[in-house]
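Predicted, not measured: the structure shown is a model, and the values here were computed from it.
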Amino acid sequence: MRKILAILYVLSKLIMLFSCTFLAPALVSILYRDGALDTFVTAAVAGLAIGLALWSATRRYQRELKPRDGFILVTTLWVGFAITASFPFMLARPDMPFSHAFFEAMSGLTTTGSTVISGLDTLPASLNFWRHFLNWMGGMGIIVLAVAILPILGIGGMQLYKAETPGPMKDSKLAPRITETAKNLWLVYSGWTLAVALALKAAGLSWLDAVCHAFAALSLGGFSTRDNSVGAFDSLPVELILSFGMIIGAMNFATHFLALRQRSLRAYLRDPEAKAMLWLLLGSILAMSVYLWAHHVYDFPTALRHVSFNLISIATDSGFASVDYARWPIFVPLWMLFLSSITACSGSTGGGIKMVRTLMLSKQSVNEMTRLLHPAAVRPVKIGGKLVPESVMLSVMGFIFVYCMCIVILSFALIASGLDFLSAFTAVIASINNAGPGLGVVGPASNYASLSDLQIWICSLAMLLGRLEVFTLLILFTPSFWRK
């Protein structure tokens with residue numbers, strides 16, 4: 001019990017800090033005079049009051065966190081932030097149930113991009129900004145921001161860093177101190193966001209649309225200020241700029257930092273994930289464009305344009321849409337959703353199993369087939385010229401199994417709740433990969449508002465599982481975790 005109270009003490013400080021972020025949409029409300037200022041002032045006061053009450057009740061339990069405490073803190077932090085972030089939605093729309101408000105907030109923070117809100121074109125500017133600001137904060141991870149500021153609050157951040165990044169690349173750093181690493185990542189992230197926002201403005205978007213879509217592109221969040229998403233602009237330059245932003249967001253930000261520091265593109269050439277991702281995207285775009293052209297859906301240039309943008313969007317787990325690709329032959333959108341599972345790089349803002357795990361399993365599979373022909377052969381797995389320890393390979397295989405089982409179980413749960421198979425399966429794939437729209441009733445031309453409360457909660461759980469890479473959440477339900 002004391003362990004939980006000590007974690008809640010840290011969480012109380014972070015909730016109070018997070019409540020201060022309501023200042024940003026409040027300023028937007030003042031600038032646009034959209035009448036939503038009271039919404040964010042009330043939300044900020046409520047968040048600060050809840051955080052202060054929690055702090056008062058738990059401050060005597062303050063202590064240094066232990067390594068396993070990081071797993072609890074990460075999970076409670078995401079849930080606590082999502083609850084706090086849902087306040088403006090419920091205040092602005094009193095008819096919106098808590099399940100929908102929580103879903104919208106969780107979708108924003110986990111950069112999933114699914115929405116339950118219709119009428120985005122007429123939504124108050126500040127509320128639209130808040131949705132995208134959630135994308136942006138969640139993109140690099142509120143966790144990374146917390147890692148940078150936890151030492152200021154008197155709490156060590158390394159435990160949180162390990163809990164948030166359970167993948168095989170978690171030990172790579174840009175600086176000896178984790179706080180410096182976090183600052184470097186945020187610097188790169190902010191710089192690319194500014195560059196994309198300015199480019200979108202130059203392409204003809206308003207400042208609000210440019211900033212919001214830049215937030216959503218770099219975070220791979222996929223929220224839009226329009227019901228028709230990027231299709232509302234019908235602009236090739238906008239699609240090209242956003243495609244570039246999404247590819248940048250899907251790469252390892254450590255690679256971006258090294259490339260900028262060295263002022264050379266060699267960092268990208270030495271990154272096996274970046275090369276594999278780009279080749280996979282290029283090959284898939286060409287193949288799917290030819291497929292649509294051969295099936296007389298579009299002429300080839302039109303097919304190339306629409307496939308390029310929408311495939312990059314779904315494969316990188318963003319979720320923008322320029323057309324209703326659910327109307328295409330089913331092979332193409334299903335291939336796009338498959339790519340959402342494997343394309344994004346580790347250290348990026350994307351979801352799924354990540355490209356590094358895909359490369360490891362691919363090479364291990366080739367090695368296993370080689371051993372069938374040559375039992376005495378010894379072929380270690382190497383990524384980027386570095387030997388992958390067997391323990392890492394075993395953890396990757398364990399992760400893939402649990403990841404697939406979560407998809408199966410959650411899909412069955414949605415089917416049992418009354419959802420059709422295509423909608424259920426693709427909703428889970430899109431949610432656990434943080435990719436946004438699925439197919440069927442949750443396709444790109446609609447949203448998740450038609451789902452029941454139970455189905456909304458299942459999708460919210462899938463989003464959280466995907467963002468925390470499954471193990472961080474599931475480990476809390478193992479008896480061994482709670483043994484002393």
Side-chain angles (χ1 to χ4, degrees), residues 4-62 73-110 115-117 120 122-139 141-143 145-146 148-150 152-155 208 211-212 215 221 223 225 460 464:
I4 300 298
L5 291 172
I7 292 170
L8 289 177
Y9 168 76
V10 179
L11 181 64
S12 68
K13 289 186 173 183
L14 293 174
I15 287 177
M16 286 190 285
L17 186 66
F18 180 75
S19 298
C20 295
T21 61
F22 289 123
L23 176 63
L27 293 174
V28 173
S29 181
I30 294 173
L31 180 64
Y32 283 84
R33 299 179 181 177
D34 61 6
L37 179 60
D38 290 347
T39 294
F40 293 100
V41 172
T42 304
V45 171
L48 288 169
I50 291 172
L52 184 60
L54 191 60
W55 175 81
S56 299
T58 58
R59 58 179 177 173
R60 62 181 178 276
Y61 298 101
Q62 179 183 5
L73 181 56
V74 164
T75 303
T76 55
L77 185 145
W78 279 104
V79 174
F81 280 10
I83 293 172
T84 307
S86 68
F87 291 166
F89 300 119
M90 291 186 291
L91 291 169
R93 295 195 164 194
D95 59 330
M96 177 180 281
F98 173 67
S99 59
H100 283 212
F102 181 86
F103 176 93
E104 192 77 14
M106 181 62 78
S107 177
L109 285 170
T110 58
T115 186
V116 292
I117 299 177
L120 296 174
T122 57
L123 203 66
S126 55
L127 200 60
N128 243 331
F129 177 86
W130 176 241
R131 296 169 65 247
H132 293 81
F133 195 52
L134 289 176
N135 265 176
W136 192 73
M137 288 189 293
I142 298 175
I143 303 303
L145 179 60
I149 61 175
L150 275 174
I152 301 175
L153 302 177
I155 302 294
L208 180 67
V211 171
C212 287
F215 281 170
F223 272 159
T225 56
S460 297
L464 184 61

Can you tell me how far CE of M90 sits from OG1 of T39, rounded to the nearest 0.5 angstrom? 11.5 Å
Could you tell me which residues satisfy ring-ring contact (aromatic ring centres under 6.0 Å, His included) with F223, sequence neighbours excluded, listed by chain and number? none
At what distance, to the nearest 0.5 angstrom, does CD1 of I50 lie from CG of L11? 11.0 Å
Using the side-chain contact (heavy atoms from CB on, under 4.5 Å) rule, take F18 and L14 through it: C-alpha gap first, then chi angles, then the decisive distance, then the call. CA-CA 6 Å; F18 180 75; L14 293 174; over 6 Å; no
If I compare all heavy atoms of S12 with all of T58, which pair ends up nearest, and what's the gap? OG-OG1, 4.4 Å
Value for CG (L123) from CZ (R93), rounded to nearest 0.5 Å, stands at 5.5 Å
Hey, mind stepping through T115 and E104 against side chain to side chain donor-acceptor pair (under 3.5 Å) and telling me if it holds? CA-CA 6 Å; T115 186; E104 192 77 14; 2.8 Å; yes
Separation of F89 CZ from I117 CD1 (nearest 0.5 Å): 5.0 Å
Taking every non-hydrogen atom, the tightest pair across A82 and M106: CB-CE, 3.8 Å
Output for pair (K13 NZ, L8 CG), nearest 0.5 Å, gives 13.5 Å
Work out which heavy atom in C212 is nearest to a heavy atom in T225; give both atom names and the distance. CB-CG2, 3.8 Å
Hey, can you tell me if W130 and F40 have their rings parallel, tilted or perpendicular (30° and 60° cut-offs)? perpendicular
Show the nearest heavy-atom pair for residues F102 and V79, with the distance to one decimal. CE1-O, 4.0 Å
Between W55 and M16, what is the shortest heavy-atom contact and its length? CB-CE, 4.0 Å
Using modelled atom types and a 3.5 Å cut-off, is there a donor and acceptor pairing between side-chain atoms of T76 and backbone atoms of L73? yes
Do the non-hydrogen side-chain atoms of S126 and Y32 ever get within less than 4.5 Å of each other? no
Set of side chain to side chain contact (heavy atoms under 4.5 Å, CB included) partners for A24, sequence neighbours left out: F129, F133
Under the 3.5 angstrom rule, does the side chain of S29 hit a backbone N or O of L37 as a donor-acceptor pair? yes
At what distance, to the nearest 0.5 angstrom, does CD1 of I15 lie from CD1 of I83? 8.0 Å
Does F103 offer a backbone N or O that forms a donor-acceptor pair with the side chain of S107 under 3.5 Å? no
For a quick test of reading the model, state the closest non-hydrogen atom pair linking A125 to D34 and the distance between them. N-OD2, 3.3 Å
